[in-house]
Amino acid sequence: MSGRTDIKRFRIRRASVPEARHHVETLLAGWKLGGLIEVAALIVSELTTNVVNHAHGTGDFFELALRRRGGVLILEVSDSYRWQLPELQKAGPDDTTGRGLFLVDALSERWGVRPREAGKTVWVHLPIGRERSDTVISAEREAGEGESCGPV
């Protein structure tokens with residue numbers, strides 16, 4: 001089934017990170033995209049953690065959009081914080097943060113950020129139909145499992 005879209009708003013607060021992750025897991029199970037649940041949930045956790053950590057004082061909500069288009073699952077996380085756009089950086093061995101976008105880059109087909117009138121949207125493309133569990137495991141090992149990413 002192609003052409004599905006889901007958009008949901010979450011308050012900018014720590015409890016929204018697991019809420020967004022659970023929303024993605026439930027939605028993708030319903031869309032019969034079980035092979036993408038693990039990687040999509042991890043990416044959403046990283047991006048929403050960035051919003052919670054770096055977008056305070058810029059609005060009360062962020063938006064999570066999932067779109068299924070032409071063999072690709074598109075994840076988008078939008079917030080109203082635009083002053084510092086995210087950049088891919090490799091964290092040093094002693095750094096305790098800064099690995100999230102590295103994971104996003106390793107796990108996605110492609111990703112990027114686009115400015116909006118009020119804020120920005122970080123988008124990620126995941127190909128539908130390819131198992132990614134080996135990629136998830138190796139990316140987590142290289143980045144240091146459970147770390148959150150830098151500014152978004």
Side-chain angles (χ1 to χ4, degrees), residues 4-29 31 33 35-69 72-128 132-133 135-152:
R4 290 189 165 193
T5 298
D6 180 84
I7 300 171
K8 185 168 180 173
R9 290 177 64 180
F10 296 87
R11 287 202 172 279
I12 297 178
R13 58 189 178 122
R14 293 225 176 267
S16 293
V17 175
E19 289 170 9
R21 183 180 180 106
H22 179 71
H23 178 71
V24 167
E25 292 167 346
T26 302
L27 185 71
L28 294 183
W31 285 3
L33 294 176
L36 290 177
I37 290 173
E38 183 180 12
V39 67
L42 177 59
I43 288 171
V44 165
S45 290
E46 295 297 336
L47 297 180
T48 58
T49 296
N50 278 356
V51 171
V52 169
N53 287 341
H54 302 289
H56 280 295
T58 62
D60 293 332
F61 296 93
F62 67 90
E63 188 175 88
L64 170 63
L66 290 92
R67 294 172 172 67
R68 182 178 179 160
R69 301 276 186 275
V72 175
L73 177 67
I74 303 165
L75 306 171
E76 296 178 331
V77 176
S78 302
D79 64 59
S80 58
Y81 186 72
R82 186 175 176 182
W83 296 276
Q84 186 176 4
L85 297 178
E87 295 179 21
L88 181 64
Q89 300 173 4
K90 184 148 181 158
D94 296 328
D95 293 340
T96 58
T97 63
R99 290 172 177 80
L101 288 179
F102 178 80
L103 281 171
V104 170
D105 186 61
L107 296 173
S108 65
E109 183 175 71
R110 43 184 245 174
W111 71 278
V113 60
R114 66 176 177 273
R116 302 181 326 153
E117 186 173 317
K120 68 178 169 320
T121 297
V122 179
W123 54 267
V124 176
H125 288 191
L126 299 174
I128 295 172
R132 304 287 300 215
S133 58
T135 306
V136 171
I137 292 166
S138 64
E140 285 178 342
R141 268 192 210 123
E142 180 139 356
E145 185 177 3
E147 307 283 341
S148 63
C149 45
V152 168

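Every heavy atom of this structure was used, including side-chain atoms; hydrogens, water molecules and symmetry mates were not. Count residues from 1 along the sequence.
Atom CG in Leu27 sits 9.5 Å away from atom CD1 in Ile37 (nearest 0.5 Å). Atom CG of Leu36 sits about 11.0 Å away from atom CH2 of Trp31, to the nearest 0.5 Å. With rounding to the nearest 0.5 Å, the separation of OG in Ser80 from CG in Asp60 is 8.5 Å. The distance from atom CG of Asp105 to atom CD1 of Ile43, rounded to the nearest 0.5 Å, is 10.0 Å. Between Ser78 atom OG and Leu47 atom CG the span is 10.5 Å, to the nearest 0.5 Å. Atom-to-atom distance recorded for Arg68:CZ and Leu28:CG is 9.5 Å, nearest 0.5 angstrom.
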- Task: Check step by step if side chain to side chain contact (heavy atoms under 4.5 Å, CB included) holds for Arg67 and Ile7.
- Result: CA-CA 9 Å; Arg67 294 172 172 67; Ile7 300 171; 3.8 Å; yes
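A donor-acceptor pair is defined here as one N or O able to donate and one able to accept, closer than 3.5 Å; such a pair exists between the side chain of Arg69 and the backbone of Arg4. Although no hydrogens or angles enter the test, the distance criterion places no donor-acceptor pair under 3.5 Å between the side chain of Ser16 and the main chain of Ile12.
Using cut-offs of 30° and 60° on the angle between ring planes, the pair Phe62 and Phe10 is parallel.
Closest approach of Ala41 and Val24 over heavy atoms only: N-CG1, 4.1 Å. Closest of all the heavy-atom pairs between Leu126 and Leu107 is CD2-O, 3.6 Å. The two residues Ala20 and Val44 come nearest to each other via the heavy atoms CB-CG1, 3.9 Å.
The salt bridge (charged side-chain N to carboxylate O under 4.0 Å, His left out) test with Glu76 is passed by exactly one of Arg114, Arg116, Lys120: Arg114.
In summary, Lys8 and Glu19 do not engage in a salt bridge, as defined by a charged side-chain N under 4.0 Å from a carboxylate O.
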